Amino acid sequence: MSALYTASSTASGGRQGSVKSSDGTLDLALSMPKGLGGTEKEGTTNPEQLFSAGYSACFDSALQLVAGQAKKRITSAVTAEVSIEKQGAGFGLSVKLIAEMEGVTQEEAEELMEKAHAVCPYSLAIEGNVKVERSAVAK
């Protein structure tokens with residue numbers, strides 16, 4: 001497989017440090033969420049928020065792709081709820097994807113959701129490692 005695009009970011013200081021992309025577009029302070037025992041400082045983010053932002057954007061693009069292939073015109077919004085959980089001696093992630101779509105029936109929305117999950121790079125990357133609940137909502 002040949003890379004079409006590569007993003008690069010560097011984190012220092014772990015969950016209470018910072019992360020910066022190689023091009024400087026992202027330059028964010030991090031803090032530990034209260035749910036993990038941290039202080040969750042205002043104006044900061046955390047790895048789960050960054051993952052949910054990337055996954056929701058990528059999945060919405062996958063939805064647009066499969067809708068276009070099916071000759072459906074939709075307006076969509078995707079929410080990715082990323083949770084960190086205790087798993088054995090360590091930690092793991094779980095995701096709830098909620099896709100709201102206008103321009104299709106509920107049945108078509110559910111079908112598009114499954115097709116998007118089959119082509120989304122984030123979905124493919126975590127397949128078998130992260131529990132992903134999917135919910136499609138036709139509006």
Side-chain angles (χ1 to χ4, degrees):
M1 187 162 62
S2 176
L4 299 174
Y5 170 75
T6 300
S8 176
S9 296
T10 302
S12 61
R15 288 180 166 273
Q16 299 186 81
S18 63
V19 64
K20 184 175 182 177
S21 62
S22 59
D23 66 0
T25 301
L26 290 176
D27 190 356
L28 304 169
L30 303 172
S31 69
M32 182 87 69
K34 288 180 182 177
L36 296 177
T39 57
E40 200 167 324
K41 297 175 192 158
E42 189 173 323
T44 63
T45 191
N46 62 63
E48 292 72 35
Q49 288 175 325
L50 296 170
F51 187 76
S52 72
Y55 198 173
S56 62
C58 189
F59 199 88
D60 194 37
S61 288
L63 265 180
Q64 294 296 324
L65 173 73
V66 298
Q69 290 171 339
K71 306 225 184 304
K72 302 283 182 189
R73 292 184 53 97
I74 64 167
T75 302
S76 59
V78 175
T79 300
E81 298 176 357
V82 175
S83 299
I84 189 166
E85 316 171 329
K86 193 83 167 123
Q87 282 186 354
F91 298 91
L93 299 175
S94 65
V95 178
K96 290 181 184 176
L97 284 176
I98 303 108
E100 296 179 352
M101 292 172 249
E102 292 181 16
V104 290
T105 66
Q106 181 63 34
E107 184 178 318
E108 290 169 326
E110 290 170 6
E111 185 177 309
L112 290 173
M113 184 87 175
E114 293 308 309
K115 287 181 178 179
H117 188 64
V119 300
C120 174
Y122 276 68
S123 293
L124 295 173
I126 63 175
E127 185 68 34
N129 297 309
V130 175
K131 179 183 168 193
V132 179
E133 279 183 41
R134 295 178 299 280
S135 174
V137 180
K139 292 194 156 220

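Start at 1 with the first residue, then count along the sequence. On a predicted model such as this, the values are computed, not experimentally measured, just so you know.
Going from atom CD of Gln69 over to atom NZ of Lys115 covers 8.5 Å, rounded to the nearest 0.5 Å. Thr79 OG1 to Lys96 NZ: the interatomic distance, rounded to the nearest 0.5 Å, is 12.5 Å. Rounded to the nearest 0.5 angstrom, Leu63 CG and Cys120 SG are separated by 9.0 Å.
Side-chain contact between Glu48 and Ser83 is absent, with no heavy atoms from C-beta onward closer than 4.5 Å. You'll find the side chain of Phe91 reaches within 4.5 Å of the side chain of Lys86, heavy atoms only. Using a 4.5 Å heavy-atom threshold, the side chains of Met32 and Thr39 count as separate. For the pair Lys20/Leu28, no side-chain contact is recorded, criterion being any heavy-atom separation below 4.5 Å from C-beta on. Counting heavy atoms from C-beta outward, Pro121 and Cys58 have side chains that approach closer than 4.5 Å.
Sparse packing is recorded around CD of Glu107, with 12 or fewer heavy atoms of other residues, nucleotides or ligands lying under 6.0 Å away.
Relative orientation of the Tyr122 and Phe51 rings is tilted, given thresholds of 30° and 60° on the angle between their planes.
With Gln49 contributing its side chain and Asn46 its backbone, the two residues share a donor-acceptor pair below 3.5 Å. Under the 3.5 Å distance criterion, the side-chain polar atoms of Thr44 are left unmatched by any main-chain donor or acceptor of Leu30. Judged purely by atom type and a 3.5 angstrom limit, Gln106 uses its side chain to pair as donor or acceptor with the backbone of Ala136. In this structure a side-chain-to-backbone donor-acceptor pair under 3.5 Å is present from Ser21 to Thr25.
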Kindly indicate, with the supporting measurements, whether the criterion side-chain contact (heavy atoms from CB on, under 4.5 Å) is fulfilled by Met113 and Leu97.
CA-CA 9 Å; Met113 184 87 175; Leu97 284 176; 3.8 Å; yes

Derivation of the side-chain contact (heavy atoms from CB on, under 4.5 Å) call for Arg134 and Glu110:
CA-CA 9 Å; Arg134 295 178 299 280; Glu110 290 170 6; over 6 Å; no

Report the C-alpha separation of Glu108 and Lys72 in whole Å, then their side-chain angles, then the decisive distance to 0.1 Å, and conclude whether the side-chain contact (heavy atoms from CB on, under 4.5 Å) test is met.
CA-CA 9 Å; Glu108 290 169 326; Lys72 302 283 182 189; 2.7 Å; yes

Apply side-chain hydrogen bond (donor to acceptor under 3.5 Å, both in side chains) to the pair Ser76 and Gln64, showing each step before the final yes or no.
CA-CA 8 Å; Ser76 59; Gln64 294 296 324; 2.7 Å; yes

Go through Ser22 and Ser9 one step at a time and tell me if the side-chain contact (heavy atoms from CB on, under 4.5 Å) criterion holds.
CA-CA 6 Å; Ser22 59; Ser9 296; over 6 Å; no

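Note on Ile126 and Leu50: separate hydrophobic clusters, where clusters join Ile, Leu, Val, Met, Phe, Trp and Tyr whose side-chain heavy atoms are under 4.5 Å apart, directly or indirectly. Clustering ILVMFWY residues whenever any of their side-chain heavy atoms sit less than 4.5 angstrom apart, transitively, puts Leu93 in the very cluster that holds Val78. Note: the hydrophobic cluster containing Tyr55 also contains Ile84 (ILVMFWY, side chain heavy atoms under 4.5 Å, direct or indirect links). Hydrophobic clustering, with ILVMFWY side chains joined whenever heavy atoms are under 4.5 angstrom apart, keeps Ile98 apart from Val104. Clustering ILVMFWY residues whenever any of their side-chain heavy atoms sit less than 4.5 angstrom apart, transitively, puts Val95 in the very cluster that holds Leu36.
We find that Arg73 and Glu102 are not joined by a salt bridge, their nearest charged nitrogen and carboxylate oxygen being 4.0 Å or further apart. A salt bridge does not link Lys34 with Glu40: every distance from a Lys NZ or Arg NE/NH1/NH2 to an Asp or Glu carboxylate oxygen is 4.0 Å or more.
With hydrogens and angles left out, the side-chain atoms of Gln16 and Ser31 include no donor and acceptor closer than 3.5 Å.
The heavy-atom pair separating Leu112 from Ala70 by the smallest distance is CD2-CB, 4.4 Å. Nearest approach of Leu124 to Ala118, heavy atoms of both residues: CD2-O, 3.5 Å.
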